[in-house]
Amino acid sequence: MDNLSGIILLHVNNLFLTDTDFMKIIEFWSGSPEVADDQSFKVETCSGEFPKAHSCTYELLLPTTHENYEDFKTHIMGAVQDNFGFGMV
């Protein structure tokens with residue numbers, strides 16, 4: 001896991017999510033509710049309002065278009081909670 005991924009995971013896990021929500025993000029990110037302890041995750045940026053994930057390569061694409069944290073959080077949680085598979089809304 002690179003430094004940015006670690007920072008994001010720490011932030012996501014400790015600041016605004018329940019354990020259930022954190023596991024939904026992991027499943028959105030990886031395509032599976034469980035991943036190996038040594039699995040590498042990648043974080044990149046993308047345009048648009050919603051995050052995307054490439055679960056085969058464990059890559060999370062986070063939008064950079066939000067002007068405030070609450071909008072960012074709302075769109076991420078909306079994508080994760082309404083996710084029907086393949087890391088897309």
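Just so it is clear, the model here is predicted, and its values are computed rather than measured. FYI, the numbering just counts along the sequence from 1.
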Trainee: Is the side chain of His66 donor-acceptor paired with the backbone N or O of Glu49 at a distance under 3.5 Å, no angle test?
Mentor: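 Here the side-chain-to-backbone pair exists.
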
Trainee: Using side chain to side chain contact (heavy atoms under 4.5 Å, CB included) as the criterion, list what pairs up with Ser47, not counting sequence neighbours.
Mentor: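 Side chain to side chain contact (heavy atoms under 4.5 Å, CB included) list for Ser47, sorted by chain: empty.
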
Trainee: Within the side chain of Trp29, is there an N or O that forms a donor-acceptor pair under 3.5 Å with the backbone of Ser55?
Mentor: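 Between the backbone of Ser55 and the side chain of Trp29 there is no qualifying donor-acceptor contact (under 3.5 Å).
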
Trainee: Indicate, with yes or no, if Val43 and Leu61 share a hydrophobic cluster defined by side-chain heavy-atom contacts under 4.5 Å among Ile, Leu, Val, Met, Phe, Trp and Tyr.
Mentor: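 The answer is no; the residues belong to distinct hydrophobic clusters.
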
Trainee: If I compare all heavy atoms of Phe50 with all of Ala79, which pair ends up nearest, and what's the gap?
Mentor: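 What the structure gives for the nearest pair is CD2-CB, 4.1 Å.
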
Trainee: Would you find a donor on one side and an acceptor on the other, under 3.5 Å apart, between the side chain of Thr65 and the backbone of Gly48?
Mentor: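 Answer holds: yes.
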
Trainee: Rounded to the nearest 0.5 Å, what separates atom NZ in Lys42 from atom OH in Tyr58?
Mentor: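 It is 11.0 Å, given to the nearest 0.5 Å.
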
Trainee: Could you grab the distance from atom CE of Met23 to atom OG of Ser32, nearest 0.5 Å is fine?
Mentor: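 Rounded to the nearest 0.5 Å, the CE-OG separation comes out at 8.5 Å.
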
Trainee: At what distance, to the nearest 0.5 angstrom, does CD1 of Ile26 lie from CG of Leu60?
Mentor: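 Rounded to the nearest 0.5 Å, the CD1-CG separation comes out at 9.0 Å.
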
Trainee: Distance check, rounded to the nearest 0.5 Å: Glu44 atom CD versus His54 atom NE2?
Mentor: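 Output value for this atom pair is 9.0 Å.
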
Trainee: Below 4.5 Å, heavy atoms only, C-beta onward: do Ile76 and Leu62 meet side chain to side chain?
Mentor: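 The answer is yes; the side chains approach within 4.5 Å.
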
Trainee: Before you tell me yes or no, could you show the steps for Glu27 and Ile25 under side-chain contact (heavy atoms from CB on, under 4.5 Å), namely the whole-Å CA-CA distance, both residues' side-chain angles and the distance that decides it to 0.1 Å?
Mentor: CA-CA 5 Å; Glu27 188 169 358; Ile25 286 182; over 6 Å; no

Trainee: Locate the shortest heavy-atom distance separating His75 from Pro51; write the atom from each residue and the value.
Mentor: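 Closest approach of His75 to Pro51: O-CD, 3.8 Å.
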
